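Nothing here was measured: the structure is a model prediction, and the numbers come from that model.
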Amino acid sequence: QVQLVESGGGLVQAGGSLRLSCVVSGNILSINDMGWYRRPAGKQRELVALIRSDGSSTNSADSVKGRFTISRDKNTVYLQMNSLKPEDTAVYYCYADLTIYYRKGDYWGKGTLVTVSS
């Protein structure tokens, strides 16, 4: 059974930092792209950052550039969040493009809540 388990969310003051982690496990042939999405209350889900399988290529939303950094290590993807703002408050979802039994597909974590107070 494939699992994407997120951790690291919680309450933080504006200007503070958090690091989110997502561990991917299961009978997986390969882990391809991984990333983070978020959904603020009352808004649409948006891409935060994406990282390729070899870690050499990344993408991030304009709103988080210079503050958030995505990285990966084997079966884990991280999101280092610095200089947090109240506008960053959202449920953050881990994403992974996985190959299982030679079939490629998208998988999602259940989400972790990040709340940034003023």
State the [atom1]-[atom2] distance between [X] and [Y], to the nearest 0.5 angstrom.
X	Y	atom1	atom2	value
Ser53	Ile31	OG	CD1	10.0 Å
Thr112	Trp36	OG1	CH2	7.5 Å
Glu6	Tyr92	CD	OH	12.5 Å
Ile70	Met81	CD1	CE	11.5 Å
Leu84	Ser17	CG	OG	6.0 Å
Leu4	Ser25	CG	OG	8.0 Å

Can you check whether Gln80's main-chain N or O pairs, donor with acceptor, with Arg19's side chain at less than 3.5 Å?
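Judged by distance alone, no pair lies under 3.5 Å.
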
Donor on one side chain, acceptor on other, Thr99 and Asn32, under 3.5 Å:
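Per modelled atom types, Thr99 and Asn32 side chains form a pair under 3.5 Å.
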
Is it the case that the side chains of Tyr95 and Asp106 hold a donor-acceptor pair, with the cut-off being a distance below 3.5 Å and no angle test?
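Short answer, yes.
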
With a 4.5 Å cut-off on side-chain heavy-atom distances among I, L, V, M, F, W and Y, is there a chain of contacts connecting [X] to [Y]?
X	Y	answer
Val5	Ile28	no
Leu79	Val23	no
Tyr102	Leu98	no

Is there a salt bridge (charged side-chain N to carboxylate O under 4.0 Å, His left out) between Glu46 and Arg38 once you walk through the steps?
CA-CA 6 Å; Glu46 64 179 3; Arg38 70 184 183 186; 2.7 Å; yes

Any side-chain heavy-atom pair of [X] and [Y] under 4.5 Å:
X	Y	value
Val48	Tyr93	no
Ile51	Asp33	no
Val77	Cys94	yes
Tyr37	Trp108	yes
Ser118	Lys85	no
Val24	Met34	yes

Among Arg103, Arg52, Lys104, which one satisfies salt bridge (Lys or Arg N to Asp or Glu O under 4.0 Å) with Asp97?
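Answer to the salt bridge (Lys or Arg N to Asp or Glu O under 4.0 Å) test with Asp97 among Arg103, Arg52, Lys104: Lys104.
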
Test side-chain contact (heavy atoms from CB on, under 4.5 Å) on Thr69 and Tyr78 and set out the steps.
CA-CA 8 Å; Thr69 302; Tyr78 304 94; over 6 Å; no

Where Gly8 and Leu18 come nearest, the two heavy atoms and their spacing:
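In terms of heavy atoms, the two residues are closest at O-CD2, 3.8 Å.
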
Run the side-chain contact (heavy atoms from CB on, under 4.5 Å) test on Thr89 and Val114 for me, step by step, so that the C-alpha distance in whole Å, both residues' side-chain angles and the decisive distance to 0.1 Å come before the verdict.
CA-CA 5 Å; Thr89 296; Val114 172; 5.9 Å; no

